[in-house]
Amino acid sequence: MRLIVSRAVFRTLDGNSTINDFQELPFVPGTASLTIESSMTKAGEVTNYTFSAVIPLNRTAELQGNLVVKLFFEPHRAIELGCYDRPARFSFSNQGRVVGKLEYSTP
């Protein structure tokens with residue numbers, strides 16, 4: 001299932017940060033999406049979440065490290081990815097624009 005993300009917020013889980021509240025996750029409007037795939041393994045069902053968006057280059061530094069990311073999509077739904085035991089982490093690629101990708105799995 002693929003969903004279009006309208007808004008996102010994040011907070012860091014790293015102890016060295018002075019920001020502990022949720023703040024807006026910057027992305028170019030219309031470029032953010034969330035793909036959800038489930039599969040069965042020997043251990044049970046696993047759900048994989050892949051969030052992708054075009055992120056302004058000057059904002060990628062604040063998205064490094066261990067995070068909790070909350071994604072909002074229609075109709076009035078949201079999902080939260082990341083926790084202290086299993087934090088969410090971005091990876092970035094730069095091919096004419098910076099694309100942030102967050103892959104997260106839950107048992």
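Numbering of residues begins at 1 and proceeds along the displayed sequence. The model shown is predicted, which means the values in this text are computed figures rather than measured ones.
Separating the NZ atom in Lys70 from the CZ atom in Phe10 is a distance of 15.0 Å, to the nearest 0.5 Å. Atom CZ of residue Arg77 and atom OG of residue Ser6 lie 12.0 Å apart, to the nearest 0.5 angstrom. Ile79 contributes atom CD1, which lies 12.0 Å from atom CZ of Phe51 (distance to the nearest 0.5 angstrom). One distance of note links CG of Leu102 with OG of Ser91; it measures 8.0 Å at 0.5 Å rounding.
Ser38 and Thr47 get closest at one heavy-atom pair: OG-OG1, 3.3 Å. Nearest heavy-atom pair, Leu57 versus Thr60, reported as atom, atom and distance to 0.1 Å: O-OG1, 3.1 Å. Minimum heavy-atom separation, Phe27 to Ala32: CE1-CB, 3.5 Å.
Residue pairs that meet the salt bridge (Lys or Arg N to Asp or Glu O under 4.0 Å) test with at least one member in residues 46-63, sequence neighbours left out, are Arg59-Glu62.
Counting only distance, with no hydrogens or angles, the side chain of Thr31 and the backbone of Val54 share a donor-acceptor pair below 3.5 Å. A donor-acceptor pair under 3.5 Å is absent between the side-chain atoms of Asn66 and the main chain of Leu13, judged by distance alone.
Linking ILVMFWY residues whenever their side-chain heavy atoms come closer than 4.5 Å, directly or via other members, leaves Leu81 and Ile4 in distinct clusters. Taking hydrophobic clusters as Ile, Leu, Val, Met, Phe, Trp and Tyr residues chained together by side-chain heavy-atom distances below 4.5 Å, Met40 does not share a cluster with Val46. In the hydrophobic clustering of this structure, Tyr49 groups with Phe92; members are Ile, Leu, Val, Met, Phe, Trp, Tyr whose side-chain heavy atoms approach within less than 4.5 Å, directly or through other members.
In this structure Ser33 satisfies the side chain to side chain donor-acceptor pair (under 3.5 Å) test together with Arg2, sequence neighbours excluded. With sequence neighbours left out, Arg86 forms a side chain to side chain contact (heavy atoms under 4.5 Å, CB included) with Cys83, Tyr104, Thr106, Pro107.
Side-chain contact between Lys101 and Thr50 is present, with heavy atoms from C-beta onward closer than 4.5 Å. Within the 4.5 Å cutoff, no side-chain heavy atoms of Phe90 are placed close to those of Glu103. At a threshold of 4.5 Å between non-hydrogen side-chain atoms, the residues Asp21 and Arg11 do not count as touching.
With Ile55 as the fixed residue, the side chain to side chain contact (heavy atoms under 4.5 Å, CB included) test singles out one of Leu25, Val28, Val99: Leu25.
The pair Arg7-Glu24 meets the salt-bridge criterion, since a charged nitrogen lies less than 4.0 angstrom from a carboxylate oxygen.
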